[in-house]
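What you see below is based on every heavy atom in this structure, not just the backbone, and it leaves out hydrogens, waters and symmetry mates.
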Amino acid sequence: MRFPREFYAQPARDVAVQLLGARLVRRLGPRRHAVGRVVEVEAYVGPHDLACHASHGRTARTEVMFGPPGRAYVYFVYGMHHCVNVVTDPEGYPAAVLLRALEPLEGLEARTSGPGRLCRALAIDRSLNGADLRGDELYLEPGDPPRRVRATARIGVAYAGAWARRRLRFFDADSPHVSRGKS
DNA sequence: GTCCGGATCTTT
DNA sequence: AAGATCCGGACA
């Protein structure tokens, strides 16, 4: 049972917290799929959030974030890694939730802690940018929510001034699969 | 067009 | 502590 469109239309922070425990399903072939439980996320809450890519305005890269909620925003960083986000908030308002770590559930051999590794393990690249997260290739459905949620500052956004200190990273406090991020 | 640095990960 | 390695955004 996939999350409905309205779920994603909520503010990024709320979607982030509620996504903890959700099942991320990736279809890799006719008979192959991989499933992981979301254990770590970060919210990028809007154009005024200096850590959010959309704070630089509407560009080819950030276009998807301005579109309807519930789609994948996939980008490429450091010349080697992909990161997946879930687009949130009403259409026209750019915000998203970065998926940072999964607990492997089905069909996953490689490690899935850290946004780059997560994408590699699930074969997520920019061909999935803009994909509907209620489609067949990649989707999210409700799962087991964590017993305890912890919030910290987001990883790798030191340049974002006061926004760097906001506690918009959320993770399952009891999961061993959370990335050990340096702030 | 050129330059800079990044929502990372692996190796030293 | 640094290297890999590409691309978006800023400025000219």
Side-chain angles (χ1 to χ4, degrees), chain A residues 8 10-20 22 24 26 34 36 38-67 69-89 93-104 108-131 133 138 140 149-172 175-183:
Chain A
Y8 297 105
Q10 299 174 278
R13 205 200 103 103
D14 297 340
V15 175
V17 173
Q18 294 175 72
L19 275 180
L20 290 175
L24 178 65
R26 171 74 167 121
V38 177
V39 297
E40 179 183 353
V41 293
E42 282 177 0
Y44 290 84
V45 300
H48 55 298
D49 174 357
L50 296 183
C52 182
H53 290 166
S55 64
H56 300 286
R58 189 167 186 154
T59 67
R61 183 219 210 173
T62 60
E63 182 61 28
V64 184
M65 268 201 278
F66 287 82
R71 306 241 259 235
Y73 165 47
V74 183
Y75 68 92
F76 188 64
V77 261
Y78 297 115
M80 355 194 84
H81 301 290
H82 294 274
C83 295
V84 230
N85 298 254
V86 170
V87 174
T88 64
D89 291 74
Y93 188 89
V97 173
L98 172 67
L99 304 181
R100 290 192 54 91
L102 304 177
E103 168 190 341
L108 284 170
E109 294 297 325
R111 296 190 53 201
T112 47
S113 300
R117 279 200 292 249
L118 184 160
C119 283
R120 192 165 46 132
L122 296 201
I124 294 171
D125 61 24
R126 277 177 299 179
S127 66
L128 285 169
N129 191 38
L133 290 171
L138 183 67
L140 280 158
V149 173
R150 201 124 78 197
T152 70
R154 294 170 293 184
I155 305 302
V157 298
Y159 60 85
W163 283 94
R165 293 189 288 277
R166 296 288 297 274
R167 310 203 333 168
L168 291 169
R169 170 176 178 241
F170 305 97
F171 58 91
D172 179 342
S175 174
H177 300 281
V178 170
S179 75
R180 51 167 211 289
K182 337 136 248 194
S183 43

If I compare all heavy atoms of [X] with all of [Y], which pair ends up nearest, and what's the gap?
X: A:Leu24; Y: A:Val38; result: CB-CG2, 4.4 Å
X: A:Ala96; Y: A:Thr88; result: N-OG1, 3.7 Å
X: A:Leu50; Y: A:Ser55; result: O-OG, 3.7 Å

Write down the distance between [atom1] ([X]) and [atom2] ([N]), rounded to a whole number of angstrom.
X: A:His81; N: C:dG3; atom1: NE2; atom2: P; answer: 16 Å
X: A:Glu42; N: B:dG6; atom1: CD; atom2: P; answer: 15 Å
X: A:Tyr73; N: B:dA7; atom1: OH; atom2: P; answer: 9 Å
X: A:Met65; N: B:dA7; atom1: CE; atom2: P; answer: 11 Å
X: A:Ile124; N: B:dT8; atom1: CD1; atom2: P; answer: 15 Å

Practice task
Would you check if A:Tyr159 stacks with the base of B:dG6, given a 5.5 Å centroid limit and a 30° plane limit, both strict?
Solution key: no
Tell me which donor-acceptor pairs under 3.5 Å the side chains of residues 158-166 of chain A have, and how far apart each pair is, sequence neighbours excluded?
| from | atom 1 | to | atom 2 | distance (Å) |
| --- | --- | --- | --- | --- |
| A:Trp163 | NE1 | A:His48 | O | 3.3 |

Got a sec, which residues hit side chain to side chain contact (heavy atoms under 4.5 Å, CB included) with [X], two or more places apart in sequence or on another chain?
X: A:Val17; answer: A:Phe170
X: A:Cys83; answer: A:Tyr75, A:Val77, A:Leu98, A:Pro115
X: A:Pro94; answer: A:Pro47, A:Ala54, A:Met65, A:Phe66
X: A:Arg167; answer: A:Ala151

Problem - salt bridge (charged side-chain N to carboxylate O under 4.0 Å, His left out) contacts in which one or both residues fall within residues 109-118 of chain A, not counting sequence neighbours - result: none
Fill in the blank from the handout: Within residues 13-20 of chain A, those residues having any heavy atom closer than 4.0 Å to DNA chain B are none
Handout entry: Sub-4.0 Å heavy-atom contacts from residues 111-122 of chain A onto DNA chain B, ordered by number
Key =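 Nucleic-acid contacts, sorted: A:Gly114, A:Pro115, A:Gly116, A:Arg117, A:Arg120.
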Exercise for the section: Establish, with yes or no, whether the OP1 or OP2 oxygen of B:dT8 is under 4.0 angstrom from a side-chain nitrogen or oxygen of A:Arg100. Expected result: yes
Handout entry: Min side-chain heavy-atom separation A:Val87-A:Leu133 under 4.5 Å
Key =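 Contact flag for A:Val87/A:Leu133 side chains = no.
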Exercise for the section: Report yes if some heavy atom in the side chain of A:Tyr73 is under 4.5 Å from a heavy atom in the side chain of A:Val84; otherwise report no. Expected result: no
Handout entry: Annotated protein contacts, base or backbone, on nucleotides 5-12 of chain C with a non-hydrogen cut-off under 4.0 Å, one of B, S, - each
Key = BBSSSS--
Handout entry: Contacts of A:Asp49 that satisfy salt bridge (charged side-chain N to carboxylate O under 4.0 Å, His left out) - sequence neighbours left out
Key = A:Arg154
Exercise for the section: Only counting residues at least two apart or in another chain, list the ones meeting salt bridge (charged side-chain N to carboxylate O under 4.0 Å, His left out) with A:Arg100. Expected result: A:Glu40, A:Glu42
Problem - Stems involving DNA chain C, each a run of at least 3 consecutive Watson-Crick or G-U pairs under 3.5 Å - result: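 Stems for DNA chain C, defined as runs of 3 or more consecutive pairs: B:1-6 with C:6-11, B:8-11 with C:1-4.
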Problem - C1'-based separation of B:dG5 from C:dA2 [nearest Å] - result: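 15 Å, rounded to whole Å.
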